[in-house]
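Start at 1 with the first residue, then count along the sequence. Counting convention: from 1, in listed order, for ligands and their atoms alike.
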Amino acid sequence: MPLLVMKFGGTSVADLARIENAALKVQKEVERGYDVIVIVSAMSGKTNELVGWVEGTSKLYDAREYDAVVASGENVTAGLMALRLQEMGIPARSWQGWQVPINTTAAHSAARFVSIPRDNLDAKFREGFKVAVVAGFQGISPEGRVTTLGRGGSDTTAVAFAAAFGAERCDIYTDVDGVYTTDPRVSDKARKLNKIAFEEMLELASLGAKVLQTRSVELAMRYKVRLRVLSSFEDTDENSGTLVCDEEEIMESKVVSGVAFSREEAKITLFTIEDRPGVAQAIFGPLAEAGVNVDMIVQNISEKDYDDSHPGAVTDMTFSCPINQVERAKKAMEDARASGLIKYDELIIDTDVAKVSVVGIGMRSHAGVAARMFKALANEGVNIKVISTSEIKISVLIDRKYMELAVQALHDAFELDKA
Ligand code: ADP
Ligand code: ASP
Ligand code: MG
């Protein structure tokens with residue numbers, strides 16, 4: 001039997017009526033002759049509530065119990081979806097992660113897949129079951145404990161199942177009808193893309209576009225999964241939504257395909273650090289050990305860059321990291337200073353920043369993208385604090401209060417509203 005994976009996110013299973021609506025979409029595919037693996041998220045808001053309960057009980061919580069609590073949201077929707085399908089006369093049952101089993105690493109709240117053996121689900125399909133409803137976002141560690149994959153992880157569960165079971169396609173049903181040139185909640189000029197290249201989607205996701213979890217795009221790219229994003233609230237067919245696919249499948253491609261943003265950024269500057277070999281290592285080594293995900297880095301030039309007669313030259317170092325890691329970063333730097341590993345006069349934290357990025361594979365072969373981007377921001381009076389680039393993206397750190405303005409300005413500057 002050909003097989004499809006259909007994933008329904010939180011808003012698509014937010015109440016019983018929506019679960020029924022999602023089940024009707026599953027029914028349609030079963031009637032077309034597919035066996036279906038349905039991956040469900042928790043009802044919208046549920047995971048946040050569960051996280052709140054954990055944090056309200058224990059400040060320095062045991063990560064294994066966090067996962068035990070937080071994974072439960074998906075168990076509820078998996079059971080309800082199976083019941084709804086049964087009511088429609090479709091042979092279906094639910095599967096929690098450990099029942100499949102979805103084997104993961106023991107990195108609680110950020111676990112990665114190790115293996116998804118097919119035997120149990122395959123046996124049920126052979127018995128005549130048409131649908132396996134699997135709880136997204138969770139798995140089981142080598143120690144036999146429940147794990148979760150990080151927020152938004154059900155997307156990754158869906159792609160992993162599509163890869164493991166050789167699904168014809170992995171359809172991600174959500175509250176928007178596809179991937180847009182930017183978040184349609186921020187710009188009403190955002191335009192839906194019919195196709196987007198894996199690499200562009202990967203950049204957009206990792207730069208803040210939450211429509212797909214970054215890891216899900218990585219997996220789809222690696223295992224050549226046909227990945228599609230579409231609306232659970234509209235009538236859909238084979239051509240609906242956005243297909244995430246190989247670059248070669250995309251006929252017309254713009255220099256810039258999308259604008260992404262992230263509000264959850266912070267900027268930290270160490271003033272008057274020594275300018276000598278080994279200083280960067282002495283700063284970023286302890287940050288890495290403390291689990292801080294450093295993103296952008298800028299080091300000022302110092303007197304030494306003008307002439308070499310400054311043996312005691314100093315400079316400044318700025319880096320960005322996720323806003324919820326600021327305290328950890330600060331402590332790592334203070335400890336490194338106290339132990340004599342580094343010297344600095346002052347450590348300044350700026351948590352009122354946002355990162356805005358333009359992404360496009362066309363950048364590989366086109367010059368002038370950065371100049372166009374900076375001009376658009378300058379025209380709006382937006383000051384750039386930090387810049388970083390890669391082959392297919394340019395990111396800037398700016399004051400958070402200008403984030404929406406910057407997104408609009410860049411969307412206009414690269415004419416993303418036009419096909
Ligand atoms: P789900 O609960 O179905 O997983 P998410 O909230 O995780 O849904 O992801 C869908 C949301 O992603 C949309 O409502 C939209 O606001 C946001 N989003 C951000 N960037 C984009 C983009 N470029 N295209 C489409 N949606 C985007
Ligand atoms: N329910 C989880 C979350 O809210 C996983 C998901 O929906 O993908 O992060
Ligand atoms: Mg999501």
Side-chain angles (χ1 to χ4, degrees), residues 6-14 18 21-22 25 39-52 54 66-67 69-78 97 109-111 134-139 147-160 170-196 200-217 227-233 241-242 244 256-264 356-360 403-404 407 410-411 416-417:
M6 303 170 75
K7 180 254 172 179
F8 294 94
T11 41
S12 309
V13 291
R18 289 194 179 170
N21 168 65
K25 291 200 173 283
I39 309 292
V40 285
S41 285
M43 292 174 168
S44 66
K46 194 64 195 172
T47 308
N48 286 344
E49 182 181 47
L50 295 170
V51 170
V54 170
Y66 168 98
D67 277 355
V69 174
V70 170
S72 68
E74 272 68 11
N75 295 343
V76 173
T77 34
S109 82
V134 179
F137 177 55
Q138 57 174 266
T147 54
T148 64
L149 308 173
R151 299 305 304 269
S154 298
D155 297 330
T156 306
T157 306
V159 173
C170 179
D171 284 342
I172 306 286
Y173 286 88
T174 184
D175 57 359
V176 281
D177 61 350
V179 178
Y180 279 69
T181 48
T182 193
D183 189 339
R185 286 177 210 275
V186 166
S187 170
D188 50 18
K189 285 189 184 170
R191 180 172 56 86
K192 199 197 95 188
L193 299 164
N194 291 325
K195 290 182 179 180
I196 184 163
E200 288 175 327
M201 191 63 240
L202 192 59
E203 287 283 3
L204 286 174
S206 72
L207 294 167
K210 287 188 178 135
V211 61
L212 287 172
Q213 198 196 34
T214 308
R215 184 95 186 99
S216 72
V217 188
L227 179 62
R228 192 164 68 136
V229 177
L230 66 172
S231 167
S232 62
F233 303 129
T242 301
V244 190
V256 165
S257 308
V259 181
F261 56 83
S262 163
R263 293 182 180 87
E264 287 117 47
V356 178
S357 312
V358 298
V359 171
M403 194 195 79
E404 270 97 357
V407 169
L410 295 172
H411 201 271
L416 296 184
D417 53 330

J.: Checking the side chain of D67 only, and the main-chain atoms of S109 only, is there a donor and an acceptor separated by less than 3.5 Å?
T.: yes

J.: Distance under 4.0 Å to a non-hydrogen atom of S154: what atoms of ligand 2 satisfy this?
T.: 5 (C), 6 (C), 7 (O), 8 (O)

J.: Without swapping roles, check the side chain of E203 against the backbone of V359 for a donor-acceptor pair under 3.5 Å.
T.: no

J.: Does even one non-hydrogen atom of G73 get within less than 4.0 Å of ligand 2?
T.: no

J.: Once salt bridge (Lys or Arg N to Asp or Glu O under 4.0 Å) is applied, do any residues pair with K189, and if so which ones, sequence neighbours excluded?
T.: D412

J.: So do S232 and R18 actually touch side chain to side chain, heavy atoms under 4.5 Å?
T.: no

J.: When you compare the side chain of Q138 with that of L149, does any pair of heavy atoms fall below 4.5 Å?
T.: no

J.: Are the side chain of S187 and the backbone N or O of P184 linked by a donor-acceptor pair below 3.5 Å?
T.: no

J.: Using distance alone, determine whether D155 and ligand 2 share an N or O pair under 3.5 Å.
T.: no

J.: Any N or O of S41 that comes nearer than 3.5 Å to an N or O of ligand 2?
T.: yes

J.: Enter the distance from D155:CG to F137:CZ here, rounded to the nearest 0.5 Å.
T.: 11.5 Å

J.: Sequence neighbours left out, what passes salt bridge (Lys or Arg N to Asp or Glu O under 4.0 Å) with K46? Give chain and number order.
T.: E49

J.: Any heavy atom of G136 closer to ligand 2 than 4.0 angstrom?
T.: no

J.: At what distance is the nearest protein heavy atom to atom 9 (O) of ligand 2, and which residue and atom is it?
T.: R151 NE, 2.6 Å

J.: State if K46 counts as touching ligand 2 under the rule of any non-hydrogen atom under 4.0 Å.
T.: no

J.: G10 to ligand 2: N or O pair under 3.5 Å?
T.: no

J.: Does the distance from a Lys or Arg side-chain N to an Asp or Glu carboxylate O, for E264 and R151, drop under 4.0 Å?
T.: no

J.: Could you name the protein residues that come within less than 4.0 Å of ligand 1, counting only heavy atoms, and order them by chain and residue number?
T.: K7, G9, G10, T174, D175, V176, G178, V179, Y180, T182, D183, P184, R185, A209, K210, V211

J.: Using the test ring pair (Phe, Tyr, Trp, His ring centres under 6.0 Å), find all partners of F8 that sit at least two apart in sequence or belong to another chain.
T.: Y173

